[in-house]
Amino acid sequence: MRRVTYSMSVSLDGYIVGPDGGFDWTVPDKDVFRFWIDEIREVGVHLLGRRLYETMLYWETADQNPSLDDAELEWAALWNPLPKVVFSTTLSEVQGNARLASGGLAEEIERLRAEPGEGDIAIGGATLASEASASGLIDEYRTMVYPVLVGGGIPFFPRHERRVDLELVETRTFNSKVVYLRYRVAR
């Protein structure tokens, strides 16, 4: 069965964006960016909320930018053909290799798990991940922890009352002092 993973950059105090909506502190250095490139190779389909989808639209045409380096071109070449499912109540259409979700998150994940296919089902966006977590649908939590305290904003982890026991699977510290933590949900 395909794993459902939730992976994003996060501040040390647990936020994916700060109180002003900014996330400029998550700009990856070349080693962290290489890690993200390697991780996206394991993804078979990416589920995104509207805000993350709109942020990632940059990559749809980024490969036409002559100032991109080889790593950025490699990311775009992997990201653009990757199937994406966008969950939004405000968008009427999406671009690239994306489609709007026709049902609820649990139904979409169930359908994707039943389909033949390779690679993880990745979830991006805290609101979408919160819904998946509340329903017990996430198999792995992957955080790229940045050495910054932003003091508020959108939390990486959902704020609900359900306990989730985790098993540490992998850690890595980058030269930039960013720490990667990968946890599997203990079932």
Side-chain angles (χ1 to χ4, degrees), residues 2-11 13-28 32-33 36-37 39-62 75-76 78-113 115 117 119-146 150 152-162 164 180-183 185:
R2 297 167 81 179
R3 289 180 302 198
V4 176
T5 64
Y6 172 37
S7 181
M8 291 189 78
S9 297
V10 61
S11 65
D13 55 348
Y15 297 95
I16 61 168
V17 298
D20 62 353
F23 53 93
D24 57 332
W25 45 271
T26 67
V27 175
V32 171
F33 195 64
W36 286 125
I37 290 171
E39 184 174 89
I40 202 67
R41 291 180 192 283
E42 298 174 14
V43 174
V45 60
H46 209 291
L47 312 181
L48 301 98
R50 181 195 50 82
R51 282 183 292 225
L52 183 59
Y53 165 74
E54 289 175 340
T55 299
M56 296 303 286
L57 274 176
Y58 164 81
W59 292 103
E60 290 297 322
T61 57
W75 171 266
L78 293 166
W79 178 258
N80 287 341
L82 180 67
K84 297 164 206 70
V85 180
V86 180
F87 290 80
S88 173
T89 57
T90 58
L91 295 175
S92 58
E93 60 181 39
V94 291
Q95 300 174 30
N97 195 20
R99 67 174 173 81
L100 284 169
S102 57
L105 179 61
E107 295 84 9
E108 188 69 40
I109 289 173
E110 183 179 316
R111 187 183 65 70
L112 290 167
R113 281 185 164 163
E115 288 179 356
D120 295 336
I121 300 167
I123 294 180
T127 303
L128 199 59
S130 179
E131 182 182 338
S133 178
S135 299
L137 297 171
I138 296 178
D139 299 305
E140 288 190 6
Y141 291 86
R142 301 172 179 183
T143 62
M144 192 68 74
V145 182
Y146 280 75
V150 297
I154 298 174
F156 176 89
F157 292 104
R159 305 288 188 228
H160 55 72
E161 313 236 346
R162 189 173 78 82
V164 178
Y180 173 72
L181 301 169
R182 179 177 159 209
Y183 289 93
V185 173

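Salt bridge present: R113 and D139 bring a charged side-chain N and a carboxylate O closer than 4.0 Å.
The nearest pair of heavy atoms linking P81 to L78 is CD-O, 3.5 Å. Residue P28 comes nearest to W36 through the heavy atom pair CB-CD1, 4.5 Å, listed as atom of the first residue, atom of the second, then distance. Scanning all heavy atoms of the two residues, the minimum distance from D13 to G152 falls at OD2-N, 4.2 Å. Residues P155 and A126 approach most closely at O-CB, 3.3 Å, considering heavy atoms. Nearest approach of F156 to V10, heavy atoms of both residues: CB-CG2, 3.6 Å. Residues F157 and T143 approach most closely at CZ-CG2, 4.2 Å, considering heavy atoms.
Side-chain contact check for I138 versus T5: every heavy-atom pair is 4.5 Å or farther apart. N97 has its side chain out of reach of L82: every pair of non-hydrogen atoms, C-beta onward, lies at least 4.5 Å apart. At a threshold of 4.5 Å between non-hydrogen side-chain atoms, the residues L181 and M144 do not count as touching.
Considering H46, R3, R2 in turn, R3 is the only one that fulfils the side chain to side chain donor-acceptor pair (under 3.5 Å) rule with D120.
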When you look at M8 and R142, which way does the side chain to side chain contact (heavy atoms under 4.5 Å, CB included) test go after all the steps? CA-CA 7 Å; M8 291 189 78; R142 301 172 179 183; over 6 Å; no
Pair T127-R51, side chain to side chain donor-acceptor pair (under 3.5 Å): steps then yes or no: CA-CA 10 Å; T127 303; R51 282 183 292 225; 3.3 Å; yes
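With values rounded to the nearest 0.5 angstrom, Y6 atom OH is found 9.0 Å from I123 atom CD1. Taking CD1 of I121 as the start and CG of L112 as the end, the distance is 5.0 Å to the nearest 0.5 Å.
Annotation: side chain to side chain donor-acceptor pair (under 3.5 Å) contacts of Y141 (sequence neighbours excluded): S133. Listed by chain and residue number, nothing satisfies the ring-ring contact (aromatic ring centres under 6.0 Å, His included) test with Y53 (two or more places apart in sequence, or in another chain). Shown here are the salt bridge (Lys or Arg N to Asp or Glu O under 4.0 Å) partners of E60, two or more places apart in sequence or in another chain: there are none. In terms of the ring-ring contact (aromatic ring centres under 6.0 Å, His included) criterion, F87 has no residue partners (sequence neighbours excluded). Residues meeting the ring-ring contact (aromatic ring centres under 6.0 Å, His included) test with Y183, sequence neighbours left out: none.
Put simply, the side chain of S88 gets close to the backbone of T90: a donor and an acceptor are under 3.5 Å apart. Not a single donor-acceptor pair under 3.5 Å links the side chain of K84 to the backbone N or O of G96. Of the possible donor and acceptor atoms, none in the side chain of Y146 sits under 3.5 Å from a partner among the backbone N and O of S11.
Side-chain contact, R182 with S7: no donor N or O sits under 3.5 Å from an acceptor N or O.
For Y15 and F23, the distance between ring centers is not under 6.0 angstrom.
Within a 6.0 Å radius of CD in E93, no more than 12 heavy atoms belonging to other residues, nucleotides or ligands are found.
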Show me the side-chain donor-acceptor pairs of residues 101-110 shorter than 3.5 Å, one per line, residues at least two apart or across chains.
unit_1: E107; atom_1: OE1; unit_2: G104; atom_2: N; d: 3.1
unit_1: E108; atom_1: OE2; unit_2: R99; atom_2: NH2; d: 2.3
unit_1: E108; atom_1: OE2; unit_2: R111; atom_2: NH2; d: 2.4

